[in-house]
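Working notes, beginning with the structure itself.
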Amino acid sequence: MVKIYNTLTQQKEELRPLEAGKVKLYVCGITVYDYCHLGHARMLVAFDVVVRYLRFRGYDVTYIRNITDVDDKILARAIENNEAFTDVTDRYIAAMHEDEAALSILHPDQEPRATAHIEEMVSMIERLIDTDHAYRAENGDVYYAVTRFPDYGKLSKKKLDELLDGARIEVGELKRDPRDFVLWKSASDNAVGWDSPWGYGRPGWHIECSAMATCALGNTFDIHGGGSDLMFPHHENEIAQSEAATGETFAKLWMHNGPLRIDDEKMSKSLDNFFTVREVLQHHKAEVVRNLLISSHYRSPINYSEQSLVQSAKALERFYHCLKDLDIRNAKSLTNSRFEKAFVAAMDDDFNTPEAFSVMFEMVSEINRIKVTDQDLANQLGALLVRLGGSMGILQAEPAAFLQASVGAEIDSAEIDRLVAARDQARADKDWGKADEIRDQLTALNVVVEDGAAGSTWRIEA
RNA sequence: GGCUGGAUGGCAGAGUGGUUAUGCAGCGGACUGCAACUCCGUUAACGCCGGUUCGAUUCCGACUCCAGCCUCCA
C-alpha cells in the first residue's frame with residue numbers, strides 16, 4: 001500500500017488510482033532556453049524514482065512530462081543569438097535528453113510540447129471565456145478572472161484577499177484585477193505567435209500544462225508533480241484553469257519536490273552558484289550525483305557541496321565494494337526476505353529513500369558477513385540488493401567498472417594493472433620496500449590497492 | 001507582513017510515546033608484512049519554555065531561530 005504526501009490535503013494519502021493498477025502522472029517539465037541545472041536534475045530524479053518504484057510495485061504508470069518550448073525567455077535567447085526560436089529549443093531539448101540519459105532518468109511515456117498544443121489551449125481559453133472565467137482585454141490579451149474561481153488558493157493555502165496585499169500593480173494595467181493572470185498574450189505580427197479568436201499572439205505559461213495534461217490523461221488524473229517553487233502560482237493557476245474549464249477535479253494528488261541548495265545557499269544566477277548538469281558531470285560520476293539527489297527525502301531541501309558529493313561517493317563505494325566479489329548474474333534474487341519487506345515499507349511510505357538506504361546498508365553488512373561462509377546466499381542477497389537499487393535507479397553498473405572509473409583525469413588502466421602486478425611480485429618476493437614504493441606511485445595516481453585472497457585489486461579513490 | 005515547512009549525535013540524514021536508524025568521521029579490537037577492504041565492539045543526539053502522561057526527542061501550546069513561496073524559476 002503506497003502512501004504519498006498530497007500537497008492539497010497536507011497529509012499522506014493511500015494511492016488509489018482512478019483505474020485499478022494504473023497510475024496517470026503528469027509532471028511539469030523544463031523550459032528549454034538553457035542547459036539543465038542541478039535543480040532540474042533534482043526534479044527529474046525525484047519523479048524518476050516515483051515512476052521506477054511504482055512500476056516496481058506493479059503499477060502500470062503513464063508518465064507525461066511536458067516541454068515548454070515557447071516563452072519569453074526562449075524568444076529573448078533567440079533574438080540574442082540571432083537565430084530561430086526553434087533552433088534554441090531544438091538545441092536544449094537535445095541537451096536535456098543527453099543529461100537525462102547520463103543520470104539514468106527514464107524517458108517519460110510522452111513528452112508533449114507546448115507549440116504542438118496551441119489548438120487545445122485556444123479551445124480551453126474559449127471555454128473559460130464562455131463561462132466568464134476569463135476575459136479579453138483591449139489589446140487582445142486574455143486574462144483569467146481569479147475571483148471567479150472560489151477555490152483559488154486551495155493548493156498553496158493562500159487566501160484571495162491576502163494575495164491582494166502582495167500583488168504588484170503594473171503600469172498600463174489591462175487586468176481587471178491585479179491578481180488575474182494571462183492566458184493569451186497578444187503579439188505584433190512580426191513576432192512569434194499564432195492566430196486566435198482574440199488576434200495574433202502566444203499562450204501564457206500556465207495554460208499549456210492544463211491543456212497538455214488533460215489532453216494526454218483526461219480531465220481527471222491521479223498525480224500531478226513538479227518543483228515546490230511551482231506550487232504558486234503555476235500549479236494554483238493550472239487548477240483554476242482546468243477545473244473551471246472542465247467542471248471536474250484536475251489532479252487528485254499533488255506532489256512537490258524540495259529545492260536544491262548550493263553550499264547552503266539558494267541556487268541563483270546572481271549568486272553565481274548555478275551549476276549545469278553537464279558541468280557537474282565533467283567532474284563527478286553521474287551515479288554519485290544521482291545518489292546524492294536521492295539520499296535525502298524528496299520533499300526536503302538538499303544541499304549540494306563538495307562534502308555531500310564525497311559522502312555520496314563513499315556510500316556507493318560501500319555498495320559496489322560489497323557487490324564486487326559476488327556472482328550476481330547467475331544468482332536468483334532472494335524473495336520475500338525481511339530486507340525486501342523493510343525496503344518496501346520504507347518506500348511505500350511516501351518514497352522514503354533515506355530509510356530504504358538504511359535497509360540496503362544492513363544488507364551490505366549481512367552480505368559482507370556471510371560472503372565467505374555462504375557464497376550462495378550472499379549472491380542471492382546481492383541480486384536482491386541490485387534489484388532494489390534498480391527501483392531507485394542505482395547500482396546497475398558493473399562493480400569493477402564503477403570502482404575503477406574516473407571522471408576528468410584520464411586513467412591508464414593497463415599501466416595501473418602493470419604496477420599492481422609488479423607490486424604483487426615484490427610482495428611475493430617479500431620485498432616490502434619495493435612493494436610500498438609501488439603503492440606510493442599508485443597513490444599518486446589516486447589509486448588504492450586492495451590485497452585480497454584472490455590477488456590484488458585496485459580502485460580510484462573518490 | 002501573509003502562507004508553508006523545518007530545528008536530531010562531529011557532519012549528512014531517517015524515525016519513534018518507553019527498546020541500536022543508516023552512511024561518513026572518532027575510539028578499542030580482529031584481519032594485513034604495513035595498509036586498504038571487511039568484521040566485532042564502542043562513544044555520541046533529539047532548539048527553548050510550559051502542558052498532557054507512569055514515562056516525550058516523539059503528542060499539545062507559547063517562544064526563538066532557519067528555509068521556501070508570495071515576482072521568472074524544478
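Here the structure is a predicted model, which is why all the values come from computation and not from measurement. A note on names: the letters A, B, ... follow the listed sequences, proteins ahead of strands, and every chain is numbered from 1.
- Residue contacts shown for A:Gly226 are limited to sugar-phosphate atoms, with no base heavy atom under 4.0 Å away.
- Among the protein residues, A:His297 comes within range of the sugar-phosphate backbone only, with heavy atoms under 4.0 Å from sugar or phosphate atoms but none that close to a base.
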Report each atom pair, protein N/O against N/O of nucleotides 28-31 of chain B, whose distance is under 3.5 angstrom.
none

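- Side chains of A:Trp458 and A:Asp417: a donor on one and an acceptor on the other come within 3.5 Å.
- With hydrogens and angles ignored, no donor-acceptor pair under 3.5 angstrom links the side chain of A:Asn352 to the base of B:G15.
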Query raised in the report: Could you spell out the base pairing of RNA chain B in dot-bracket, with Watson-Crick or G-U pairs whose two distances are under 3.5 Å, [ ] crossing and | to another strand?
Result: (((((((..(((.....[...))).(((((.......)))))....(.(((..]....))).))))))))....
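- Between A:Arg369 and B:C40 there is a side-chain N or O to OP1 or OP2 distance below 4.0 Å.
- Within 3.5 Å, a donor on the side chain of A:Gln311 pairs with an acceptor on the base of B:G23, or the reverse.
- No hydrogens or angles considered: a donor-acceptor pair under 3.5 Å links the side chains of A:Asp348 and A:Tyr53.
- Counting any heavy atom pair closer than 4.0 Å across all strands shown, A:Val449 reaches a base atom.
- Put simply, OH on A:Tyr304 is 22 Å from P on B:C11, counting in whole angstrom units.
- Remark on RNA chain B: of its neighbouring residues A:Asn303 and A:Ser358, the 5'-side contact belongs to A:Asn303, judged by nearest-heavy-atom nucleotide.
- Every pair passing ring pair (Phe, Tyr, Trp, His ring centres under 6.0 Å) that includes a residue from residues 96-116 of chain A is listed here, sequence neighbours excluded: A:His97-A:His107.
- With P as the reference atom, B:U71 and B:G61 are 30 Å apart, rounded to whole Å.
- For A:Lys314, a side-chain nitrogen or oxygen approaches OP1 or OP2 of B:A25 to under 4.0 Å.
- Within the 4.0 angstrom heavy-atom criterion, only backbone atoms of the sugar-phosphate kind lie near A:Lys73; the bases stay farther away.
- A:Asp436 comes within 4.0 angstrom of a nucleotide base, judged by non-hydrogen atoms across all strands.
- For A:Arg318 and B:C24, a side-chain-to-base donor-acceptor distance below 3.5 Å is absent, hydrogens and geometry of angles not being considered.
- A:Phe319 and A:Phe357 have tilted rings, their planes meeting at an angle from 30° to 60° on a 0 to 90° scale.
- A:Gly153 comes within 4.0 angstrom of no nucleic acid atom, judged by non-hydrogen atoms across all strands.
- Using bins of under 30°, 30° to 60° and over 60° for the plane-to-plane angle, the ring pair A:Trp254/A:His256 lands in the parallel bin.
- Side-chain atoms of A:Tyr143 and A:Asp177 form no donor-acceptor pair, as typed in the model, at a separation below 3.5 Å.
- Residue order along RNA chain B, read from the 5' end via each residue's closest nucleotide, puts A:Ser156 first among A:Ser156 and A:Ser365.
- Contact annotation: A:Arg427 side-chain N/O to B:A36 OP1/OP2 distance is not under 4.0 Å.
- Distance check on atom P: B:G50 versus B:A30 gives 49 Å, rounded to whole Å.
- Here the separation of B:U58 from B:U16, taken at their P atoms, is 13 Å to the nearest Å.
- B:U52 and B:C66: their P atoms are spaced 32 Å apart (whole Å).
- The phosphate of B:G5 (OP1 or OP2) has a side-chain N or O of A:Gln10 nearer than 4.0 angstrom.
- Using a 4.0 Å heavy-atom distance criterion, A:Leu260 is classed as a base contact.
- Of the P atoms belonging to B:U57 and B:G47, the separation is 9 Å, rounded to the nearest Å.
- Between the side chains of A:Arg318 and A:Ser365, at least one donor N or O sits under 3.5 Å from an acceptor N or O.
- Within the 4.0 Å cut-off from OP1 or OP2 of B:G68, not a single side-chain nitrogen or oxygen of A:Arg299 is found.
- A donor-acceptor contact under 3.5 Å is formed by the side chain of A:Asp451 with the base of B:C34.
- A:Ser296 comes within 4.0 angstrom of sugar-phosphate atoms only, judged by non-hydrogen atoms across all strands, and of no base.
- With hydrogens and angles left out, the side-chain atoms of A:Tyr92 and A:Asp69 include no donor and acceptor closer than 3.5 Å.
- Nucleic acid contact class of A:Arg423 (heavy atoms, under 4.0 Å, all strands): base.
- When heavy atoms are screened at a 4.0 angstrom cut-off, A:Asp71 is found touching no nucleic acid atom at all.
- A:Met267 comes within contact range of at least one nucleobase, with a heavy-atom separation under 4.0 Å.
- For the pair A:Arg261 and B:G68, the criterion of a side-chain N or O lying under 4.0 Å from OP1 or OP2 is met.
- For the atom pair CD1 (A:Ile460) and CZ (A:Phe402), the distance works out to 11.5 Å, reported to the nearest 0.5 Å.
- A:Lys314 has no carboxylate O lying under 4.0 Å from a charged side-chain N of A:Glu317, or vice versa, which leaves the two without a salt bridge.
- The pair A:Asp34-A:Lys73 fails the salt-bridge criterion, with no side-chain N (NZ, NE, NH1 or NH2) lying under 4.0 Å from an Asp/Glu carboxylate O.
- Side-chain contact check for A:Ser358 and A:Glu362: no donor-acceptor pair (N or O, by modelled atom type) lies under 3.5 Å.
- Counting any heavy atom pair closer than 4.0 Å across all strands shown, A:Lys157 reaches sugar-phosphate atoms only and no base atom.
- The shortest distance between the side-chain N/O atoms of A:Asn368 and the OP1/OP2 oxygens of B:C39 is below 4.0 Å.
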